[in-house]
Amino acid sequence: MLDDESGIPIPLDDFAREAWAVQLGRAEAAQGVEQLCERLAECFATSLAGVLDADLQLPSEAQVRYATDISRNLGIALPAEVLRFRGAMYEFLERFAEAHRSRRRSQARDGG
C-alpha cells in the first residue's frame, strides 16, 4: 500500500473499468488474482517513479561510481542518502568534486 493518507482516486473511463472487470474475471477463473495484483503493483511502482521530482529520482550508475571514487580518494564517508536520491547526490558532487579533481592532479604530478 502506498500510504494510508493520500486516498488518491484513479480516474477510469468506462472502457478501462469494463476491461479491468474482464481482466479480473479472467484472473479469478484461472486462480491467478495474486499474479495479476503483482503485475499491477509492479506497473504502478514504475509509473510512480516517473512522476517523482527529479531530486527524488535514483542517482545514475555513473554518479554512484564517481561519488564512490570521490569518497575513497578523499577518505570521506558516503552518506546513504546520496546513494538514494539524485538531489543529495548532486549536492555531494558539487561539494567534493573540485577537491577530488585537485587531489587527482596532485597525485598525478607526484607520481601516485
Should D110 and R103 be marked as a salt bridge (charged side-chain N to carboxylate O under 4.0 Å, His left out) after you check the CA-CA gap, both sets of side-chain angles, and the distance that decides it?
CA-CA 10 Å; D110 297 341; R103 179 168 285 180; over 6 Å; no

L93 vs H100, test: side chain to side chain contact (heavy atoms under 4.5 Å, CB included). Steps then yes/no.
CA-CA 10 Å; L93 295 177; H100 171 65; over 6 Å; no

As a quick check of understanding, evaluate side chain to side chain contact (heavy atoms under 4.5 Å, CB included) for M89 and V64, giving each step before the final call.
CA-CA 8 Å; M89 174 63 76; V64 170; 4.0 Å; yes

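The main-chain N or O of L56 is never found under 3.5 Å from a side-chain atom of D53 such that the two would form a donor-acceptor pair. T46 places a side-chain N or O within donor-acceptor distance of the main-chain N or O of E42, the cut-off being under 3.5 Å. Without hydrogens or angle criteria, S71 side chain to I76 main chain gives a donor-acceptor distance under 3.5 Å.
Scanning for side chain to side chain contact (heavy atoms under 4.5 Å, CB included) contacts around R101 gives Y66, A97, E98, R105, with sequence neighbours left out.
For the pair A27 and L36, the tightest heavy-atom approach, listed with the atom from each and the gap, is CB-CD2, 3.7 Å. Nearest heavy-atom pair across V33 and E28 is CG2-CG, 3.4 Å. Nearest heavy-atom pair, L52 versus Q57, reported as atom, atom and distance to 0.1 Å: O-NE2, 3.0 Å. Taking both residues in full, the closest heavy atoms of L12 and A16 are given as CD2-CB, 4.1 Å, listed atom of the first, atom of the second, then distance.
In this structure, CH2 in W20 is found 13.0 Å from CZ in R17, a value given to the nearest 0.5 Å. Here the straight-line distance linking atom CG of L24 with atom SG of C37 works out to 7.5 Å at 0.5 Å rounding. Interatomic distance, CD1 of I70 versus CZ of F96, reported as 8.5 Å (0.5 Å rounding). Annotation: the span from C43 atom SG to L48 atom CG amounts to 11.5 Å, rounded to 0.5 Å. One distance of note links OG1 of T68 with CG of L78; it measures 5.5 Å at 0.5 Å rounding. Interatomic distance, CG of D55 versus CZ of R86, reported as 9.5 Å (0.5 Å rounding).
For the pair P79 and F92, the minimum side-chain heavy-atom distance is below 4.5 Å. Contact annotation: the side chain of V82 never approaches that of Q63 to less than 4.5 Å [non-hydrogen atoms, C-beta and beyond]. Put simply, the side chain of E38 reaches to within 4.5 Å of the side chain of E34, judged on heavy atoms.
At most 12 heavy atoms of other shown residues, nucleotides or ligands fall within 6.0 angstrom of atom CD in E18. Around the CD atom of E81, the shell of radius 6.0 Å holds no more than 12 heavy atoms that belong to other residues, nucleotides or ligands. Heavy atoms of other residues, nucleotides or ligands lying less than 6.0 angstrom from OH of Y90 number 12 at most. With a 6.0 Å radius and a threshold of 12 heavy atoms from other residues, nucleotides or ligands, D14 has its CG atom at or below the threshold.
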